[in-house]
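Below is one structure, written out as structure tokens; comments come after it.
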Number of protein chains: 2
Amino acid sequence: MSAEEKDDACDDPGTVRPGGRTARVRAAVLRTAGDALAEHGFARLDLADIARRADVGKSTVYRRWGTVAGLVADLLSDMAEQSLPRTETGSLLGDLRANAELVRGTLADPRQGALFKAVIAAATTDARTAEALHRFYEIRVAEWAPCVEQAVRRGELPEGTDPYEVIRAVSAPLYYRLLTSDAPLDEAAGVRAAEATAAAARAGVYA
Amino acid sequence: MSAEEKDDACDDPGTVRPGGRTARVRAAVLRTAGDALAEHGFARLDLADIARRADVGKSTVYRRWGTVAGLVADLLSDMAEQSLPRTETGSLLGDLRANAELVRGTLADPRQGALFKAVIAAATTDARTAEALHRFYEIRVAEWAPCVEQAVRRGELPEGTDPYEVIRAVSAPLYYRLLTSDAPLDEAAGVRAAEATAAAARAGVYA
DNA sequence: CCACTAATGAAACTGGAGTCCCGTTATGAG
DNA sequence: CTCATAACGGGACTCCAGTTTCATTAGTGG
């Protein structure tokens with residue numbers, strides 16, 4: 001181990017030969033993990049079961065992801081890459097309503113809603129998962145922030161309005177209801193979230 | 001087992017002799033469970049460890065609470081009973097700011113914040129825990145709803161404003177930030193939550 | 001104060017989640 | 001096409017969370 005000593009000891013499995021089977025295994029495991037999270041939540045999840053359902057060796061799952069938290073973190077990275085297109089309506093309220101409806105629809109969908117619940121729960125336990133979750137929302141919020149900046153340019157909102165905070169304000173009541181109530185996330189909730197945020201932003205609360 | 005057949009088969013342990021030792025055991029276990037939840041989160045929690053730290057027999061914990069979810073549900077019932085006094089300032093914005101600061105202070109406190117995170121995470125896994133969590137928030141929201149009703153009576157808000165929804169709107173951004181971001185919950189966040197809600201409510205969004 | 005039994009606690013037991021080892025497969029470079 | 005080896009898969013092994021059993025302790029009604 002003279003000159004050619006092992007300097008790649010820190011490499012995780014899957015980084016040197018990411019093509020072919022490795023990629024197929026990752027896709028199968030992540031999809032199965034998503035299904036399992038949506039079904040049973042994050043607490044009743046064990047990697048052995050994931051491996052069985054994904055037709056993948058148990059050792060492979062443990063070697064590459066190690067723990068449930070690590071697997072969820074990777075799932076979040078995967079979810080962050082799948083970006084949804086933003087619709088532009090020309091007015092602040094229209095854009096915020098579009099955003100609210102997108103979020104509401106996602107959370108109201110049985111599978112997606114359960115998945116988001118599970119992912120948020122997982123993030124409260126593990127630091128790496130939390131970091132992945134925060135990055136996920138930073139990305140999603142940044143995608144929609146431009147519509148607030150446009151509204152400022154149009155004169156709909158005061159100068160200095162924080163675009164990120166406005167977008168977060170739309171999602172907040174929807175997530176709050178998802179997590180702390182059993183009331184359904186109907187369309188009215190989305191509309192209310194958008195209108196409340198628009199009213200507050202116009203009043204200069206986020207400046 | 002003729003006339004005196006066992007009709008109390010459905011009774012849980014602790015319901016027939018709830019005084020003395022039984023009460024002490026419950027208090028010790030719930031306190032320890034709160035500590036453990038705040039420390040390690042809800043996933044790394046096992047009842048055997050709780051029993052050890054609470055100086056209580058392992059079988060007792062398993063017999064009375066059964067699972068982690070059941071224990072958290074009982075903890076939530078206990079938390080719901082400890083009601084905090086509501087301050088009245090005479091104006092809607094003042095009351096909402098007081099509420100926001102109360103919630104913000106609780107969530108910003110390291111132990112309490114971690115505990116609430118853990119409890120919310122636990123509720124995503126188990127139906128009974130979720131029900132207990134929903135009841136907890138219903139109680140807390142109901143305690144503050146009167147200040148909105150007073151504002152309507154004073155003419156600060158339009159008739160037909162939903163008091164519950166207004167109170168929830170104050171908490172929502174604080175919880176959203178707690179769960180999806182690593183930014184600190186500073187006082188400005190509380191003030192912004194109260195002001196945004198007041199502006200939206202005045203605009204008639206919650207009517 | 002006594003008797004009855006609800007509730008607790010110690011210890012032995014069990015099943016399966018997570019680890020380890022090693023032979024097999026197939027990726028990617030030359 | 002060929003070879004070195006990254007990555008996978010099966011199976012044996014370990015360890016501890018959760019269960020069961022039973023003797024002991026202490027509430028509660030009389």
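Residue numbers start from 1 in every chain, and the chains themselves are labelled A, B, ... in the order their sequence lines are given, proteins ahead of strands.
In this structure, B/R24 reaches the sugar-phosphate backbone alone: every heavy-atom distance under 4.0 Å involves primed, P, OP1 or OP2 atoms, never a base.
In this structure, the CZ atom of A/R26 is 17 Å from the C1' atom of D/dC8, given to the nearest Å. A/D12 has its CG atom 12 Å from the P atom of D/dC8, to the nearest Å.
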Review item, nucleotides 28-30 of chain D N/O atoms under 3.5 Å of protein N/O:
from: D/dT28; atom 1: OP1; to: B/G19; atom 2: N; distance (Å): 3.0

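The nearest heavy atom of DNA chain C to B/T22 and to A/V68 marks one nucleotide each, and the one closer to the 5' end goes with B/T22.
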Which pairs would a plain distance check flag for residues 90-98 of chain B, meaning a side-chain donor or acceptor within less than 3.5 Å of a matching protein atom at least two apart in sequence or in another chain?
from: B/S91; atom 1: OG; to: B/G94; atom 2: N; distance (Å): 3.0
from: B/D95; atom 1: OD1; to: B/T89; atom 2: N; distance (Å): 2.7
from: B/D95; atom 1: OD1; to: B/T89; atom 2: OG1; distance (Å): 2.7

Distance-only check: which donor-acceptor pairs under 3.5 Å involve side-chain atoms of residues 22-32 of chain A, not counting sequence neighbours?
from: A/T22; atom 1: OG1; to: A/R17; atom 2: O; distance (Å): 3.1
from: A/R26; atom 1: NE; to: A/D74; atom 2: OD2; distance (Å): 3.1
from: A/R26; atom 1: NH2; to: A/D74; atom 2: OD1; distance (Å): 2.9
from: A/T32; atom 1: OG1; to: A/A28; atom 2: O; distance (Å): 2.8

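With sequence neighbours excluded, the residues satisfying side-chain contact (heavy atoms from CB on, under 4.5 Å) with B/R111 are B/D35, B/A38, B/D109, B/L115. For B/L45, the side-chain contact (heavy atoms from CB on, under 4.5 Å) partners two or more places apart in sequence, or in a different chain, are B/A36, B/L37, B/I50, B/V68. Not a single salt bridge (charged side-chain N to carboxylate O under 4.0 Å, His left out) links A/R64 to another residue, sequence neighbours left out. For A/L102, the side-chain contact (heavy atoms from CB on, under 4.5 Å) test picks out A/L84, A/W144, with sequence neighbours left out. Applying the side-chain contact (heavy atoms from CB on, under 4.5 Å) test to B/S59 and every residue at least two apart in sequence or in another chain returns B/R63.
Near-neighbour residues of DNA chain C inside residues 31-46 of chain B, defined by a heavy atom below 4.0 Å, are absent. A heavy atom lying under 4.0 Å from DNA chain C marks the following residues of residues 47-67 of chain B, by number: B/V56, B/G57, B/S59, B/T60, B/R63, B/R64.
Pairs engaging residues 162-187 of chain A under the ring pair (Phe, Tyr, Trp, His ring centres under 6.0 Å) rule: A/Y137-A/Y175, A/Y175-B/Y176, A/Y176-B/Y175 [sequence neighbours left out]. Applying the side-chain hydrogen bond (donor to acceptor under 3.5 Å, both in side chains) rule to pairs touching residues 188-198 of chain B yields A/E165-B/R192, sequence neighbours excluded.
Crowding of B/R44 atom CZ: a count of heavy atoms from other residues, nucleotides or ligands under 6.0 Å not exceeding 12.
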